[in-house]
Structures are given as C-alpha cells and as structure tokens.
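These values consider heavy atoms only, across backbone and side chains, with no hydrogens, waters or symmetry-generated copies. What you see is a predicted model, and the numbers here were worked out from it, not measured in a lab.
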Amino acid sequence: MTEVMVDARSVRKSYGAVEVLSGISLTVEQGEVLCIIGPSGSGKSTFLRCLNHLESINGGRIYVNGELMGYRQVGNVLHEMKPQEIAKARQGIGMVFQRFNLFPHLTALQNIIEAPIGVAGMNPEEAKALGLELLAQVGLEDKGEHYPSQLSGGQQQRVAIARALAMKPKLMLFDEPTSALDPELVGDVLDVMKNLAKAGMTMIVVTHEMGFAKEVADRVVFIDKGQIVEVGTPSQVLDNPQEARTKAFLNKVL
C-alpha cells in the first residue's frame, strides 16, 4: 500500500481581506511527482510555502508524512508550534526557490554542508564527503570551491538543489526553479530534477515548464484563483483538459 506523504485538507490562506487559497484539498503519495500549473497570482507558490509552514494558514490542516505541519491540535483548536519545533519539522522537507537563495559569502560546498553540520550535527568530514557526492550528483564536482558570484544561474540553482538534498529530505518542493534562468541553462536543472524523480523522490513542483510536467509528472494540478480547477495525469490535463479555464490557460502557454 502506498503511503501518503502530503495530505492538505481544505487549506485557506488570506492576506488581509484577500483570500489567496480558498480551501485546497490535495494528497500526494510517497514517490509521486506532482506538478502545479496555473496563471501568476493564482496561489501556487503560496500553497507550496504553506506546505512547509513558511506561510501560516488561516484554515484547514496540512499533514506531511503523517504529522500535522506547523501546529499542535488541542481539541478542535490549532496552536502554532514554536519556531524551533517548526524548524525540526521542516528538516524532512527540502525546498528550492526561484531565486537560489545561496549564501554569497560561502563556497558552493560550504553552502551545501552548512545545515547538515549546524542543524543536524553531522561530523564535518562526513558532511564534506556528502557535499562532494551531491555536487557530483548535480554535475558540479569541479565547482565546490567556487562562490555563487562565480557560478551561472543554472549552476547556482543546481547547488541549491544539492543543498536541499543534503538534509536527506523525504519530500522536495520546487517553486518555479527555472523561471529566473536564461533559456539555455534550464535543461541542466531539469535534468537533475528528472534524475531525482527516477530515484523515487517525492516532489511537488510549481512550474511553467509544460514539457517537464508532461514527461516527469505523475499528476498535474491546475490552480486558478486559489482553487483547484482540474487534476489528473499529464495527458488528461495537458492534452485533453475538461475545464474551460484550463483550456484557456493552456492555449496561451502551449
């Protein structure tokens, strides 16, 4: 029986009077690759950030690997966890951002091993060996001593993926990881992500790369105005959408 890695139930998120997520319910199974597509401002990135509690939610529940994320429930009331408890809960979730977010004063290798040593308490030599292994995995074995400013955008993003993998996550979240890259650099990043998918990593990817979604995703979710409009296999959603809103969106991007 496949285990559920992510279970989002009626998730709501508002900024003031503006409701960005309007009751999203979604499950992601262990080893599944889910791609989330939709127009800008539809709530895709916000939903992703809610999954690891970078954003608090205003309603609903999010369970990751069977654990309630970001909150402790007492009776019917949710109490937000303390920052250190949230940080511990996040250790099993890797996140890759649109804008790399590498530490500019650290080398590629230092960026990767910072959290394993500082957060997980890994032995520095062991962490270095892991870091070199991960650099090789993302095709950058010769870039360990380079600083972010000495790397291309695509190389920085691959270091960011290696950094997320260094904490040995069970779930990887990607927030439009290629949208800030020059077109010729996109392929290398997508190749790393494809290899992760083949290795069985559970992945949720917010993306505009429809070719990647078609090739790698087990399911595609189309979100608009904070709601799930359509969900299905890539062939169902991308090749044969049923909803008018999905069709209109795909007509513009495909």
(message) Would a single hydrophobic cluster contain both Leu238 and Val253, if residues Ile, Leu, Val, Met, Phe, Trp and Tyr are joined by side-chain heavy-atom contacts under 4.5 Å?
(response) yes
(message) Counting C-beta onward and ignoring hydrogens, is there a side-chain heavy-atom pair between Ser45 and Glu176 closer than 4.5 Å?
(response) yes
(message) Suppose we screen for side-chain contact (heavy atoms from CB on, under 4.5 Å). Which residues come up paired with Lys170, at least two apart in sequence or across chains?
(response) Met5, Asn65
(message) Hydrophobic cluster membership, with links at side-chain heavy-atom distances under 4.5 Å among I/L/V/M/F/W/Y: are Ile113 and Leu102 in one?
(response) yes
(message) Quiz question: by atom type and distance under 3.5 Å, do the side chains of Gln30 and Thr202 form a donor-acceptor pair?
(response) no
Report, one line per pair, each donor and acceptor closer than 3.5 Å where one atom sits in a side chain of residues 70-97; sequence neighbours left out.
{"from": "Tyr71", "atom 1": "OH", "to": "Ile57", "atom 2": "N", "distance (Å)": "3.1"}
{"from": "Tyr71", "atom 1": "OH", "to": "Ile57", "atom 2": "O", "distance (Å)": "3.2"}
{"from": "Arg72", "atom 1": "NH2", "to": "Glu85", "atom 2": "OE1", "distance (Å)": "3.2"}
{"from": "Arg72", "atom 1": "NH2", "to": "Glu85", "atom 2": "OE2", "distance (Å)": "2.5"}
{"from": "Gln73", "atom 1": "OE1", "to": "Arg61", "atom 2": "NE", "distance (Å)": "2.9"}
{"from": "Gln73", "atom 1": "NE2", "to": "Gly75", "atom 2": "O", "distance (Å)": "3.1"}
{"from": "Glu80", "atom 1": "OE2", "to": "His53", "atom 2": "NE2", "distance (Å)": "2.7"}
{"from": "Glu85", "atom 1": "OE1", "to": "Lys82", "atom 2": "N", "distance (Å)": "2.8"}
{"from": "Arg90", "atom 1": "NE", "to": "Asn52", "atom 2": "O", "distance (Å)": "2.7"}
{"from": "Arg90", "atom 1": "NH2", "to": "His53", "atom 2": "O", "distance (Å)": "2.9"}

(request) Looking only at non-hydrogen atoms, find the nearest pair between Pro234 and Ala217 and report the distance. (result) CG-O, 3.3 Å
(message) When you compare the side chain of Phe47 with that of Val206, does any pair of heavy atoms fall below 4.5 Å?
(response) no
For residues 104-112, dump all side-chain donor-acceptor pairs below 3.5 Å to protein atoms at least two apart in sequence or in another chain.
{"from": "Thr107", "atom 1": "OG1", "to": "Gln110", "atom 2": "N", "distance (Å)": "3.1"}
{"from": "Thr107", "atom 1": "OG1", "to": "Gln110", "atom 2": "OE1", "distance (Å)": "3.4"}
{"from": "Thr107", "atom 1": "OG1", "to": "Gly144", "atom 2": "O", "distance (Å)": "3.4"}
{"from": "Gln110", "atom 1": "OE1", "to": "Thr107", "atom 2": "N", "distance (Å)": "2.8"}
{"from": "Asn111", "atom 1": "OD1", "to": "Phe103", "atom 2": "N", "distance (Å)": "2.8"}
{"from": "Asn111", "atom 1": "ND2", "to": "Phe103", "atom 2": "O", "distance (Å)": "3.1"}
{"from": "Asn111", "atom 1": "ND2", "to": "Leu106", "atom 2": "O", "distance (Å)": "3.1"}
{"from": "Asn111", "atom 1": "ND2", "to": "Thr107", "atom 2": "O", "distance (Å)": "3.1"}

(message) Contact between Met210 and Ile37 at the side-chain level, heavy atoms closer than 4.5 Å - yes or no?
(response) yes
(request) Decide yes or no for Ile62 and Cys50: does some side-chain heavy atom of the first lie under 4.5 Å from some side-chain heavy atom of the second? (result) yes
(request) List in chain and number order the residues that pass salt bridge (charged side-chain N to carboxylate O under 4.0 Å, His left out) with Asp7, two or more places apart in sequence or in another chain; answer none if no residue qualifies. (result) Arg9
(request) Would you sort out whether Leu171 and Ile204 count as a side chain to side chain contact (heavy atoms under 4.5 Å, CB included), showing the intermediate values? (result) CA-CA 8 Å; Leu171 169 67; Ile204 302 177; 4.3 Å; yes
(message) side chain to side chain contact (heavy atoms under 4.5 Å, CB included), that's the test. Do Phe100 and Leu181 meet it? Break it down for me.
(response) CA-CA 10 Å; Phe100 329 137; Leu181 302 180; 3.7 Å; yes
Can you list, pair by pair, the side-chain donor-acceptor contacts under 3.5 Å of residues 119-139, counting residues two or more places apart and other chains?
{"from": "Asn123", "atom 1": "OD1", "to": "Glu125", "atom 2": "N", "distance (Å)": "2.8"}
{"from": "Asn123", "atom 1": "OD1", "to": "Glu126", "atom 2": "N", "distance (Å)": "3.1"}

(message) Keeping Glu29 on the side-chain end and Thr27 on the backbone end, is there a donor-acceptor pair under 3.5 Å?
(response) no
(request) Kindly write out the residues that satisfy side-chain contact (heavy atoms from CB on, under 4.5 Å) with Asp182, not counting sequence neighbours, or none if the list is empty. (result) Glu184, Leu185
(request) Please confirm whether the backbone N or O of Gly154 pairs with a side-chain atom of Gln157, one donor and one acceptor, at under 3.5 Å? (result) no
(message) Applying side chain to side chain contact (heavy atoms under 4.5 Å, CB included) to Leu51 and Val6, what does each step give before you reach the verdict?
(response) CA-CA 8 Å; Leu51 291 178; Val6 176; 3.9 Å; yes
(message) The criterion is salt bridge (charged side-chain N to carboxylate O under 4.0 Å, His left out); which residues satisfy it with Glu230, sequence neighbours excluded?
(response) none
(request) Quick one: closest heavy-atom pair of Ile228 and Leu26, and the distance? (result) CD1-CD1, 4.0 Å
(request) Could you pull out the closest heavy-atom pair between Glu145 and Gln150, with the gap in Å? (result) O-OE1, 4.3 Å
(request) Please check if Val216 and Leu254 belong to a single hydrophobic cluster, counting links between Ile, Leu, Val, Met, Phe, Trp and Tyr side chain heavy atoms closer than 4.5 Å. (result) no
(request) Would you indicate whether the side-chain heavy atoms of Leu165 and Leu196 approach each other to under 4.5 Å? (result) yes
(request) Under the side-chain contact (heavy atoms from CB on, under 4.5 Å) rule, collect the residues that match up with Glu19, sequence neighbours excluded. (result) Arg12, Ser14, Ser22
(request) Starting at CD of Gln156, measure out to CG of Leu140 and round the result to the nearest 0.5 Å. (result) 10.5 Å
(message) Checking Thr207 now: which residues fulfil side chain to side chain donor-acceptor pair (under 3.5 Å) with it, not counting sequence neighbours?
(response) none
(request) Would you name the heavy atoms of Ile24 and Gly226 that are closest together and state the gap between them? (result) CG1-O, 3.5 Å
(request) Go through the structure and list residues passing salt bridge (charged side-chain N to carboxylate O under 4.0 Å, His left out) with Lys214, not counting sequence neighbours. (result) Asp239
(message) Could you check whether atom NZ of Lys194 has more than 12 heavy atoms from other residues, nucleotides or ligands sitting under 6.0 Å from it?
(response) yes
(request) Only counting residues at least two apart or in another chain, list the ones meeting salt bridge (charged side-chain N to carboxylate O under 4.0 Å, His left out) with Lys13. (result) Glu55
(message) Does this structure show an ion pair linking Asp188 with Arg158, if we count only N-O contacts that are shorter than 4.0 Å?
(response) yes
(message) Pair Val231, Val237 - check side chain to side chain contact (heavy atoms under 4.5 Å, CB included), show working.
(response) CA-CA 7 Å; Val231 58; Val237 176; 5.6 Å; no
(request) For Pro39, enumerate each residue passing the side-chain contact (heavy atoms from CB on, under 4.5 Å) test, keeping only those at least two apart in sequence or located in another chain. (result) Ser42, Phe222, Asp224, Arg245, Phe249
